[in-house]
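What follows is one structure encoded as structure tokens, with my remarks underneath.
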Amino acid sequence: MPKNSKVFLGFMGLALLLISFFLPALAQGSGPTDDEVNAIARQLYCPVCENIPLDACGTVACEQWRGIIRDKLAEGWTEDQIKEYFVAQYGDRVLAEPPASGFNWLAYLIPILVFVGGLILLGLGFRKWKEEKPVRATSRQSKKGPPLPKADEEYLQRVEQELKERSRSQE
Amino acid sequence: MVAEIGFGALFITLIFAVYGVGAAIYGERSRNKAWIQSAQQAMKLVFPILTISIGSLLYLLASGHFEVVYVANVTSRSMPLYLKMTALWGGQAGSLLFWSWLLAGFISAVTLRKWDRDQDLLPWVIVVNLVTLIFFLILNIFYENPFTRYWQDASGIITSFGQPPGALPIFPRDGAGLNPYLRHPGMIIHPPMQYLGFVGFIIPFSFAVASLITRRTDDRWIQLSRSWTLWAWLFLSLGLILGARWAYDVLGWGGYWGWDPVENSALMPWLTGTAYLHAVLIHEKRGMFKEWSMVLIVLTYLLVIFGTFITRSGLLSSVHSFAQSTIGPVFLGFIALTLLITAWLLNSRWKILRSPHVVQNLFSREALIIISVVLFLGLLVTVFWGVLFPMISELVTGQKVTVGPPFYERVAAPILGGLLILMVICPLAVWSYVSFRSLGKLLWKPFLVSLIGIILPLLGGLTRWPAVIAFWLVAFVLAVNAFEFARRIRKRRKKAGESFWSSLTRVFRRNQRSYAAMIIHVGVVLMALGIIGIEFFQSETQGTLAEGQSINLDSYTMTYEDLDIFITEDAREVARAVVSVNKDGELLGVINPRRDFYFESGQPVTIPGVRSTLLDDFYVILVDWKEVTADGATFKVYHNPLVKWLWIGAWVFILGVIVATWQPKKTAARIIKSG
């Protein structure tokens with residue numbers, strides 16, 4: 001091997017060594033920003049500090065998590081991959097919402113069912129209320145509508161009974 | 001000695017309360033008025049006796065008797081006197097005693113009113129209130145005794161109220177000190193407000209149950225308990241607002257509401273309480289939906305107990321759950337029992353509660369109010385399920401899940417929108433019947449004015465349509481209320497030929513409640529403005545700066561100028577940054593975000609520096625998990641548009657509730673005369 005090429009290889013080795021020295025620094029310069037880390041951290045919750053999003057939590061554990069996010073981002077992981085990584089490690093509870101699968105479906109289904117059920121009941125109620133003839137129709141209605149119904153007996157009786165009760169209770 | 005007095009008073013209160021319940025029931029059954037009066041006297045006395053207990057605990061706290069476990073847990077020598085006193089509600093046992101004491105105050109006050117006309121309700125009001133009090137006293141005596149002491153025996157340090165055999169008393173030199181997060185003024189006032197709100201709703205509940213038991217179908221119970229309800233609502237609202245403010249000022253995440261389970265448990269009784277206040281309007285004016293007001297007040301009571309249960313049982317761990325204890329099953333039992341009894345009562349009285357009236361029209365005021373009640377309940381169902389689901393999931397699948405803000409916001413946003421729409425129509429709707437045409441006649445002018453709410457944001461370059469719609473709705477509600485108010489004054493002036501000012505005051509006095517409602521709704525709308533601002537337009541950034549370096553966010557620039565580090569008398573190390581704020585190159589001022597490190601608990605608390613204007617807040621946090629030195633510090637910076645309107649709206653809201661609650665002598669006299 002000529003002497004020259006030995007020198008060349010030596011230089012190359014040194015250069016590689018130098019590059020490997022500076023690589024982390026270079027990577028840091030163009031690495032993920034705090035904002036990029038927080039954008040993902042905001043959607044995660046660590047199992048210890050319940051209900052505090054990771055981006056606002058000050059514990060050492062949460063700082064380490066943010067460090068992991070930063071490293072993964074630097075390695076080119078996507079947001080979804082990073083979230084999946086934490087789910088695989090610590091379970092569904094790290095996510096802000098239970099994933100809509102299996103038993104967790106109930107989390108989303110029940111409020112909708114109850115609310116829709118309530119609306120149906122209310123709607124039925126409204127229809128029933130409308131079908132029953134109004135007790136006291138206004139003049140606007142009487143122009144077009146059917147003749148005014150007479151106030152029904154049952155209602156009058158009730159009014160009287162309540163009035164009696166009232167005056168009795170005031171004695 | 002003082003601890004013994006305190007505990008003794010607690011025990012005597014329990015005896016009085018149990019006696020009161022017995023005497024009331026016996027008096028009612030045997031129709032013997034003397035027994036009922038005796039029960040009433042017992043009920044009157046619970047407050048003064050319990051005050052001795054509270055006074056003892058306050059003395060122990062203030063004088064640093066660290067041999068008492070509670071005192072040692074929540075106070076320390078270095079704390080100022082006012083914090084030692086307010087540490088009364090800084091921990092589990094003390095806050096439960098405080099809760100009981102407030103309830104006793106309300107209960108005693110109820111007995112002071114004239115009962116002549118409502119003798120039939122009285123015994124049951126006594127029973128319901130005292131049973132609730134007994135429950136809390138039992139918790140305090142048998143589970144969470146604030147007067148328990150430290151003792152030492154061969155096995156080590158033990159805690160017990162009385163001296164265990166072979167143990168000697170010990171006197172620790174200092175206590176652990178109050179949780180630093182609870183040392184903020186907002187956190188000092190927030191719990192009493194919250195508790196007053198919780199406790200206050202027990203009074204209308206007791207009247208409702210009394211009315212159910214005696215099979216009365218009139219609205220007397222509502223009239224009797226109206227001012228209690230309004231006060232309760234006022235305090236609960238204040239509690240929520242102060243809590244939100246505290247979160248914004250201390251927790252340092254740039255927000256005011258995190259849908260935390262404990263926040264939710266305070267919100268739930270507020271939701272049903274608010275729905276109740278709306279439903280009783282129909283009950284009073286039209287005699288309809290009596291069963292709704294009953295169900296709503298029962299729900300409110302159950303949720304008050306549930307809320308206290310959640311925060312106090314340690315069932316959830318969150319920012320708020322500082323305390324954990326073994327009282328969970330007792331609470332659950334009490335809730336189940338109450339649920340069973342009230343469900344049975346409602347079921348057996350359901351028929352006589354039903355009204356023969358019918359809703360005639362979808363735009364009538366009663367229909368609109370019922371829709372608003374349904375919206376409140378819709379949010380309630382979501383929040384309740386969101387709080388419960390993680391526990392159910394843990395029970396069923398063994399895996400815990402987080403139900404966080406996105407879950408709630410998805411529902412809360414459209415419901416807030418729906419409520420805004422109702423607030424547009426409701427002031428114009430009348431009872432029983434409104435034609436579409438007459439509604440349109442009143443609506444078109446405010447509608448034209450409200451278009452400003454679309455045009456201005458569009459001109460400002462806003463492109464997100466949900467935000468545009470939200471702004472438009474806000475403008476619409478404000479315009480409708482302004483037009484309606486002006487119309488009524490004009491009408492009055494025309495009729496009476498008075499000056500503008502005398503018309504204004506007369507119109508206002510004539511219908512105080514309806515104007516109070518108007519003020520409250522305007523407050524809600526202004527709050528909505530703040531919520532829209534922060535939810536749609538909040539922006540943030542974070543960066544580590546050396547002195548003299550800057551961060552840009554939107555049109556703002558913040559520059560890290562200086563850092564002071566000093567130690568305070570109350571054992572904190574304060575790192576206070578000096579940050580100058582520029583907007584478009586112009587210096588606006590200097591703010592001081594800081595980080596307080598508490599030596600006793602080893603806990604840091606970040607206090608943001610905020611520059612707040614009507615247009616936006618510039619909010620800077622000294623990030624607490626990074627080292628702070630003059631060489632470099634990490635800042636998190638938030639730009640929160642319009643958030644100040646949240647607080648302004650909140651105070652307008654509170655003003656409205658005060659107007660509703662406050663009864664001038666004249667009105668009171670009229671009510672007495674006509675009632």
Side-chain angles (χ1 to χ4, degrees), chain A residues 33-35 37-38 43 45 47 49-53 55-60 62-63 66 91-99 102-104 106-108 110-111 114-115 118-119 122 125-126 128-138 140-141 152 154-155 158-159 162 165-166 169-171, chain B residues 117-118 120 216-218 220 251-254 258-261 287 316-319 356-360 362 367 370-371 374 377-378 381-382 385-386 389-390 392-393 396-397 399-407 411 432-433 435 438 540-544 604 606 623-626 634 636 675:
Chain A
T33 63
D34 284 355
D35 287 346
V37 173
N38 281 341
Q43 304 168 44
Y45 293 76
C49 331
E50 281 175 70
N51 302 304
I52 308 175
D55 69 323
C57 192
T59 61
V60 181
C62 288
E63 198 186 335
R66 280 188 297 268
D92 287 341
R93 63 188 306 179
V94 301
L95 298 173
E97 277 187 295
F103 181 76
N104 290 335
L106 282 181
Y108 303 92
I110 295 281
V114 172
F115 193 64
L119 278 186
L122 194 73
F126 264 123
K128 210 173 87 195
W129 299 329
K130 284 194 112 177
E131 276 166 8
E132 287 176 45
K133 290 290 174 229
V135 182
R136 181 179 59 86
T138 60
R140 286 193 204 93
Q141 258 187 333
D152 57 65
E154 197 193 340
Y155 172 61
R158 257 187 102 85
V159 170
E162 282 191 11
E165 271 176 18
R166 220 185 140 97
S169 70
Q170 284 171 13
E171 277 162 19
Chain B
R117 283 170 49 200
D118 306 289
D120 54 337
R216 281 174 69 155
T217 54
D218 57 354
R220 181 77 184 145
L251 286 187
W253 38 273
W259 299 101
D260 172 89
L316 320 148
S317 34
S318 74
V319 194
H357 292 279
V358 293
V359 171
Q360 298 174 9
L362 197 61
I370 278 300
I371 296 172
V374 170
L377 291 180
V381 168
T382 313
W385 187 241
F389 188 74
I392 295 177
S393 164
V396 176
T397 65
Q399 199 183 35
K400 224 178 166 186
V401 289
T402 307
V403 176
F407 179 85
V411 177
S432 109
Y433 190 86
S435 77
S438 67
E540 61 165 273
T541 186
Q542 180 180 311
T544 304
T606 45
V623 170
D624 66 353
W625 59 82
K626 294 276 178 71
T634 305
K636 197 165 189 185

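Naming convention: chains lettered A, B, ... in sequence-line order (proteins, then strands); numbering from 1 in each chain.
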Inset, instruction - List the atom of A:P111, the atom of B:F407, and the distance in Å for their closest heavy-atom pair. - result: CG-CZ, 4.3 Å
Legend entry - Contact class of A:L106 relative to chain B, heavy atoms under 4.5 angstrom: both
Legend entry - A:Y45 to B:G404 - nearest heavy-atom pair and separation: OH-CA, 4.5 Å
Inset, instruction - List the steps and the verdict of side-chain contact (heavy atoms from CB on, under 4.5 Å) for B:L377 and A:F115. - result: CA-CA 8 Å; B:L377 291 180; A:F115 193 64; over 6 Å; no
Legend entry - Which atom of A:F103 lies closest to which atom of B:S393, heavy atoms considered: CE2-CA, 3.6 Å
Legend entry - Toward chain A, the part of B:V396 with a non-hydrogen atom under 4.5 Å: side chain
Inset, instruction - Check whether B:F389 gets within reach of chain A through its side chain, its backbone, both or neither, counting any heavy atom under 4.5 Å. - result: side chain
Legend entry - Reported CD-to-CG distance for the pair B:Q542 and A:D55, which is rounded to 0.5 angstrom: 8.5 Å
Legend entry - Exam field: side chain B:T402 to backbone A:R93, donor-acceptor pair closer than 3.5 Å: yes
